[in-house]
Amino acid sequence: MGRGRVQLKRIENKISRQVTFSKRRAGLLKKAHEISVLCDAEVALIVFSTKGKLYEYSTESSMETILERYERNAYVEQQLVTNDAEPQGCWSLEYPKLKSRIEVLEKNIRNFMGGDLEPLSLRELQYLEQQIDTSLKRLRNRKNQLIHESISDLQKRERALQDQNNMLAKKLKEKERTVTEQQNQMGQYPGDDERKHN
């Protein structure tokens, strides 16, 4: 027997509501990850709890990249719908959105640089710290990858130079042997000419 349908209405019990939020949130994040992997889709998911805590998921590309793409697409669709509207009217609608977006980005940059932290709550500071930790991990991983690639490249060059050195040493020995053999065949040794002159 299948489960009965859950009636969709606000859960009155605070603890039950929090437990349900945690479970549903985890399931939602899992589904977002699955659709991104299975369908090779770019997914961005943003959830704010009742206390204002932010939970987010984004595929390999950053959340900002996906949001910018969304805004571009939404703008294009809006342009298609309001094709007959005055161009200035569209820009007047777009300007406040872009201005607020710039303000948010500038505030984020200041926060990441360690400035303008006073207005942030403990949760926001923890989230900022988590973002910086994640960025540091990515940065270190990329740095380590570049170091390994550089070491591998240097080792390849070292092997190539060693092979070239061995080949030159071999050619030099062959040349010396050839010269010695020619001198032996001609009966000429170093110093013979000097002895003849003496």
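Here the structure is a predicted model, which is why all the values come from computation and not from measurement.
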- Please list, chain by chain and in numerical order, all residues satisfying side chain to side chain donor-acceptor pair (under 3.5 Å) with Glu124, sequence neighbours excluded. Ser121
- Contacts of Glu56 that satisfy side chain to side chain donor-acceptor pair (under 3.5 Å) - sequence neighbours left out: Tyr127
Spell out, as yes or no, whether a donor-acceptor pair under 3.5 Å connects the side chain of [X] to the backbone of [Y].
X      : Y      : value
Asp116 : Lys107 : no
Asn144 : Arg140 : yes
Arg110 : Gly115 : no
Ser22  : Gln18  : yes
Asp133 : Lys137 : no
Ser16  : Asn13  : no

For the hydrophobic clusters of this structure (ILVMFWY residues joined by side-chain heavy atoms under 4.5 Å, transitively), does one cluster hold both [X] and [Y]?
X      : Y      : result
Ile66  : Val43  : no
Phe48  : Leu67  : yes
Val47  : Ile35  : yes
Leu136 : Leu125 : yes
Met63  : Leu54  : yes

Distance, nearest 0.5 Å, that separates [atom1] of [X] from [atom2] of [Y]:
X      : Y      : atom1 : atom2 : value
Asn165 : Leu172 : CG    : CG    : 10.5 Å
Glu106 : Asn111 : CD    : CG    : 12.0 Å
Lys31  : Leu28  : NZ    : CG    : 10.0 Å

- Item | Pairwise salt bridge (Lys or Arg N to Asp or Glu O under 4.0 Å) hits with a residue in residues 163-186, at least two apart |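 Pairs touching residues 163-186 that pass the test: none.
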Does any non-hydrogen side-chain atom of [Y] lie less than 4.5 Å from one of [X]?
X      : Y      : value
Ser100 : Val104 : no
Gln164 : Leu161 : yes
Lys30  : Glu34  : yes
Ile11  : Phe21  : no

- Query: Do Gln162 and Glu158 have a side chain donor and acceptor closer than 3.5 Å?
  - Reply: no
- Item | Between Arg123 and Gln126: side-chain donor-acceptor atoms closer than 3.5 Å | no
- Search all heavy atoms of Thr59 against all heavy atoms of Ser36 and return the closest pair with its distance.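 Smallest heavy-atom distance, with atoms named: CG2-CB, 3.1 Å.
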Just wondering, are more than 12 heavy atoms of other shown residues or ligands nearer than 6.0 Å to [atom1] in [X]?
X      : atom1 : value
Phe112 : CZ    : yes
Leu154 : CG    : yes
Met113 : CE    : no

- Do Ile151 and Ile147 pass the side chain to side chain contact (heavy atoms under 4.5 Å, CB included) test, and can you show the C-alpha distance, the side-chain angles, and the key distance before you say yes or no? CA-CA 6 Å; Ile151 289 169; Ile147 288 170; 3.8 Å; yes
- Could you check Glu12 against Arg10 for salt bridge (charged side-chain N to carboxylate O under 4.0 Å, His left out), going step by step and ending with a plain yes or no? CA-CA 6 Å; Glu12 295 303 324; Arg10 184 176 183 271; 3.4 Å; yes
